[in-house]
Amino acid sequence: EFRRVLFRSWLLVLAGMQSSSPQKYGRSASSLFGWGVLFIAVGGALFLAGISLLYSLVVVLIALAALAIFAALRRK
C-alpha cells in the first residue's frame, strides 16, 4: 500500500518539476497534477470501500469537482 501512495505522490512532485521546464510535446504540469489527484482519489475510494461505498463515491466526486474547478480556473 505504501508503494501506491508513494507513486501517486510522485506524480504530484513531477507536476511541480514539469512546470519549471515544460517540453514541447510532453504532458503539461496540469495534466500530471490532474492524474495524480485522480489516482489519489481512486486509492482513497478503494481504501474506504471496506467501510462504506457511499464514502468511496463521495471521495471520487469531490476529486472530480476539484479537477473541474481547477480546469475552469486555468482556462479563465
Side-chain angles (χ1 to χ4, degrees):
E1 187 65 31
F2 178 72
R3 288 183 289 156
R4 292 180 187 158
V5 171
L6 188 63
F7 171 71
R8 293 174 186 128
S9 301
W10 183 246
L11 280 177
L12 297 179
V13 171
L14 285 178
M17 291 171 31
Q18 184 75 13
S19 66
S20 64
S21 60
Q23 296 178 357
K24 186 173 182 179
Y25 294 108
R27 286 199 177 272
S28 66
S30 60
S31 173
L32 283 175
F33 181 78
W35 277 108
V37 168
L38 193 61
F39 282 152
I40 289 171
V42 168
L46 289 174
F47 177 75
L48 291 174
I51 299 171
S52 173
L53 290 177
L54 181 63
Y55 292 152
S56 298
L57 180 64
V58 167
V59 167
V60 170
L61 290 177
I62 288 174
L64 288 176
L67 288 174
I69 291 170
F70 177 71
L73 290 176
R74 187 172 165 256
R75 294 195 185 263
K76 196 171 186 183

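Side-chain atoms are counted along with the backbone in the values below, which use heavy atoms only and exclude waters and symmetry mates.
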Discussion item. For Ala45 versus Val60, what's the shortest heavy-atom pair and its separation?
Written reply: CB-CG2, 3.6 Å

Worksheet item: Excluding sequence neighbours, so at least two apart, what forms side chain to side chain contact (heavy atoms under 4.5 Å, CB included) with Val58?
Response: Ile62

Item to complete: Report the distance from atom CH2 of Trp35 to atom CG of Leu67, rounding to the nearest 0.5 Å.
Response: 10.0 Å

Discussion item. Using the ring-ring contact (aromatic ring centres under 6.0 Å, His included) criterion, which residues pair with Tyr55? Sequence neighbours excluded.
Written reply: none

Item to complete: Spell out, yes or no, whether Phe47 and Val59 are grouped together once hydrophobic residues are joined by side-chain heavy atoms under 4.5 Å, including indirect joins.
Response: yes

Worksheet item: Residues in side chain to side chain contact (heavy atoms under 4.5 Å, CB included) with Leu54, at least two apart?
Response: Ser52

Fill in: Shared hydrophobic cluster, Leu46 / Phe39 (ILVMFWY, side-chain heavy atoms < 4.5 Å)
no

Worksheet entry | Which residues share a side chain to side chain contact (heavy atoms under 4.5 Å, CB included) with Ala49, sequence neighbours left out | Leu53, Ser56

